[in-house]
Amino acid sequence: MKDRFYVTTPIYYVNDVPHLGTAYTTVAADAFARQRALRGMATRFLTGTDEHGLKIDRSAKERGQSPQAFVDEISGAFRSAWPKLRCQPSDFIRTTEPRHKKFVQELWSKCAANGDIYQGEHEGWYCVSCEQFYPEKDLAEGKTCPTHKKPVEWMKETGYFFRLSKYQDRLLALYEQRPEFVQPEGRRNEVVTFVKEGLKDLSISRTTFQWGVPVPGDDKHVMYVWFDALTNYLSAVKDSEHAAFWPPNLQLVGKDIVRFHAIYWPAFLMSAGYGDDLLPRTVFAHGFLTINGQKMGKSLRNTVEPVRLAEYFGADELRYFLLREIALGQDGDFSHKKLISRIRSDLAATLGNLLNRTLPFVVKHFDTTVPSPDASFDGEREAHLRKRFAELVDEAKTAWDHFEPHRALECAIALAIEGNGYFDARAPWVLAKSPERKAELGAVIYNVLEVLRACTVLLWPALPDKCDALRAQLGLAALLPIAGVDKWPSEWGGMAPGAKLNPGGPLFRNITKDDEAKILADFGVTDGETKVTDATTAKAAEKPNAHANPAATPAAAAAPAPVSADGVAIIGIDDFTKVELKLGEVKSAERVPKSDKLLKLQIDIGEAAGPRQILAGIGLAYKPEDLVGKKLVIIANLAPRKMMGHESQGMVLACGPSESLSIVTIEKDIPVGTRVK
RNA sequence: GCCGGUGUAGCUCAGCUGGUUAGAGCAGGGGAAUCAUAAUCCCAAGGUCGUUGGUUCAAGUCCGACCGCCGGCACCA
């Protein structure tokens, strides 16, 4: 197992084209695959597309296409995008492929055979037009569908449920025994907390649409997205000649979908009979990207369309930036300025220049061949260089092992900086003036070439083409990982004296200040800020991973247990009179800190004890100062309740969507404290 | 409100199990060099290590409280 490495990205939901967020995940996965391959591991890198669900079905219809034609097109856009970023997945799986569907059904049957799938009733608010259930909080004004504005109905539907609750203890044991299972640590803690709070069974089928994998033996139902989608990691290898790659060593996911990968996914596998040693090794959650400091809304995404960036700046340059600038697992910011700065200082000035200043000596004094090393010229400088070489090569390796590409790449550039320092200290241009010192010159140049050689390996996971181009100039073959052969530089002295070099042009474009201004203008960036006309709409958090089906947000996917909820029951007058509604007047109002909606109101309802403190979630529609003096209707006999640390002694009546709701008031002047009935 | 994280030079961040003058990169300042895409190298400067108590011979590093920011959960009756 140690010699194999299987890395996955989420499969991307085809309701959107590839953007920088998906590119980030894919590039990172590709870099890990390349790095492990260089170390001699047999590697497998899987990505693909998630193609089922109501939303796809509907999008296809809107475009007058069959769902299959629609997903073929978008999936193709993903498949063709990755090579443009020099990503080389070893497989690309689509959930609409027979190999996948067959496998999901098998997995389902195994879970069912183990008694973990049962039929139950799923009920909730249902929009006939959408053919979809909505959680209560997503409903628009007056219990209507958020898209159609038509009244929703309380519906019951028979569906299948997965006995997630059964796996709570086993999951907790897994997190306990294998702390590396969810990373970074912060995410792990969140997962553990979530599971400890109790797991509800999961609704895993739908009859409201057909575009999905049919439930075995009951094809009125299709599987709900997460059961279908998560299984891709398994179906891509299990029944193939690559079965030995199971389980995945690294599953890269965005932080928004950790829960599905760290809780539901292992539970499905456990249910299907997979032992702990056959569960994924590590689910690693990376952070989100902002664009020039702003959340990645759709309009912002367009300005950083990854293929365009790659074509403009170079795929390798973009990859390097994403991996070097941002700590995997932390949120990061993409900005054109920072990208340019990285290219300029790390790549062109440090690495490119080291090559560029070395080659003329090789050409002029050594007939464009590698000069001979000569230990007799070794001094303090050389000792230092060797020491740093060994340290940095080792640190870089460790960093990759710890899922820290940014540190690994920092080490690689640090080695190039050491090379430049050594170059200056030994001043080959001075040595070159004395013909009798030619052997010493050769020894110095050899050492520099050796540093460059090591750099091409250390940087290859991020910069495959550039490193191969650099190697070509050094007269070295392009790197070709071979299983069982560790090519990570461990030994000093890989350059062969006498070998021919092939000096070429500069590897990296030098971006001057003038160029920079022009580039920023091309991309519509001013003062480091992308122009956004609709910055407020961009506020809606966009997720870098398209995997999360909007219809499968945590609230929806963690469906209510199949027990009855409150429907719209008929009540008698006596039930109504239990509710004491009173007219009140707002005496003062203030926002509750850290809450968007909650206002703390002091409301006079004619009680001798003075005004009541009541909290109301109306802060989006009303400013506190506008409420003072207003009369409104409250429920006076509601049990007091604490919200966000403040006690509420009643409830304010209001209706409408939260941004524009209206409080319930009266139209004649009636004294406060009067009962409303 | 509960839980977790975090707050270190202008910016982005390192600082492991507490121990000499708190580090790096970038930006800015000075200098050297001139092999190289005006790229490189060196030097100096720059920090009350969020605030405040405490433990200790010794704390950025441990403990308490508070403040700020971020995240998860809950809540929005």
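Here is how names work: the chains are called A, B, and so on, in the same order as the sequence lines, proteins then strands, and each is numbered from 1.
When the P atom is used for both B:rC41 and B:rC26, the distance is 8 Å, rounded to whole Å. One C1' atom belongs to B:rC66, the other to B:rG7, and the distance between them is 14 Å to the nearest Å. Using C1' as the reference atom, B:rC70 and B:rC62 are 24 Å apart when rounded to the nearest Å. Comparing B:rA36 with B:rG29, their P atoms are spaced 26 Å from each other, to the whole Å. Taking atom P in both B:rC3 and B:rA65, the straight-line distance is 11 Å, to the nearest Å. For B:rA9 and B:rA24, the P atoms lie 14 Å apart once the distance is rounded to whole Å. Spacing between B:rA45 and B:rG30 at atom P, rounded to whole Å, works out to 16 Å. Spacing between B:rG54 and B:rC13 at atom P, rounded to whole Å, works out to 33 Å.
Distance from the side chain of A:P360 is smallest for B:rA36 among the nucleotides B:rA36, B:rU37, B:rC73. Set against B:rC41, B:rG71, B:rC35, the side chain of A:D424 has B:rC41 as its closest nucleotide. Proximity note for A:R259 (side chain, C-beta onward) versus B:rC73, B:rU34, B:rA14: the nearest is B:rC73. Between B:rC26, B:rG71, B:rC73, one nucleotide has an atom nearer to the side chain of A:R187 than all others, and that is B:rG71.
Across the interface with RNA chain B, nearest-nucleotide mapping of A:T512 and A:V652 shows A:T512 to be the residue nearer the 5′ end. Nearest-nucleotide mapping onto RNA chain B: of A:F508 and A:I417, the residue sitting toward the 5' end is A:F508.
In this structure, the CZ atom of A:F321 is 16 Å from the P atom of B:rC26, given to the nearest Å. Separating the CD atom of A:E190 from the P atom of B:rG4 is a distance of 12 Å, rounded to the nearest angstrom. Between the P atom of B:rA14 and the CD atom of A:E395 lies a distance of 15 Å, rounded to the nearest Å. Between A:D256 atom CG and B:rC73 atom P the separation is 12 Å, expressed in whole Å. Rounded to an integer number of Å, the gap from CZ of A:R509 to P of B:rA39 is 14 Å. Spacing between atom CZ of A:F423 and atom C1' of B:rA39 amounts to 12 Å, rounded to whole angstrom units. Between A:L355 atom CG and B:rC35 atom C1' there is a gap of 13 Å when expressed in whole angstrom units. For the pair A:K255 NZ and B:rG4 C1', the computed distance is 14 Å after rounding to whole Å.
Relative orientation of the A:F313 and A:H336 rings is tilted, given thresholds of 30° and 60° on the angle between their planes.
Across all strands shown, B:rU40 forms a Watson-Crick or G-U wobble pair with B:rA32, both key distances being under 3.5 Å. If you check B:rG25 for Watson-Crick or wobble pairing at under 3.5 angstrom, you find it paired to B:rC11. Pair assignment for B:rC16 gives none, since no Watson-Crick or G-U wobble pairing has each distance under 3.5 Å. Searching all strands for a Watson-Crick or G-U wobble partner of B:rG4 with both distances below 3.5 Å returns B:rC70. B:rA65: Watson-Crick or G-U partner is B:rU51, with both key distances under 3.5 Å. Across every strand in view, B:rG46 sits unpaired, with no contact that passes the Watson-Crick or G-U test at under 3.5 angstrom.
Looking at heavy-atom distances under 4.0 Å, A:E197 makes contact with sugar-phosphate atoms alone, never a base. Backbone-only engagement by A:N189 is indicated by non-hydrogen atom pairs under 4.0 Å involving sugar-phosphate atoms exclusively. Using a 4.0 Å heavy-atom cutoff across all strands shown, A:G421 reaches sugar-phosphate atoms only and no base atom. Using a 4.0 Å heavy-atom distance criterion, A:L653 is classed as making no nucleic acid contact. Using a 4.0 Å heavy-atom distance criterion, A:P428 is classed as making no nucleic acid contact.
Under the 4.5 Å side-chain criterion, counting only non-hydrogen atoms from C-beta, A:N356 is not in contact with A:L507. Looking only at side-chain heavy atoms (C-beta outward), A:R509 and A:D515 come within less than 4.5 Å of each other.
In this structure, CD1 on A:I326 lies 8.0 Å from NZ on A:K338, to the nearest 0.5 angstrom.
With A:V195 as reference, A:L199 is the one residue of A:V192, A:T193, A:L199 to meet the side chain to side chain contact (heavy atoms under 4.5 Å, CB included) rule. Each of A:N420, A:I417, A:L470 was evaluated against A:L354; a single residue qualifies, A:N420, per the side chain to side chain contact (heavy atoms under 4.5 Å, CB included) test.
Surrounding CD of A:E391 are more than 12 heavy atoms belonging to other residues, nucleotides or ligands, all under 6.0 Å away.
With no hydrogens or angles considered, no side-chain donor-acceptor pair links A:E325 and A:Y320 at under 3.5 Å.
In terms of phosphate contacts, A:R357 brings no side-chain nitrogen or oxygen within less than 4.0 Å of OP1 or OP2 of B:rC41. A:R407 has a side-chain polar atom (N or O) that falls below the 4.0 Å cut-off from OP1 or OP2 of B:rG15.
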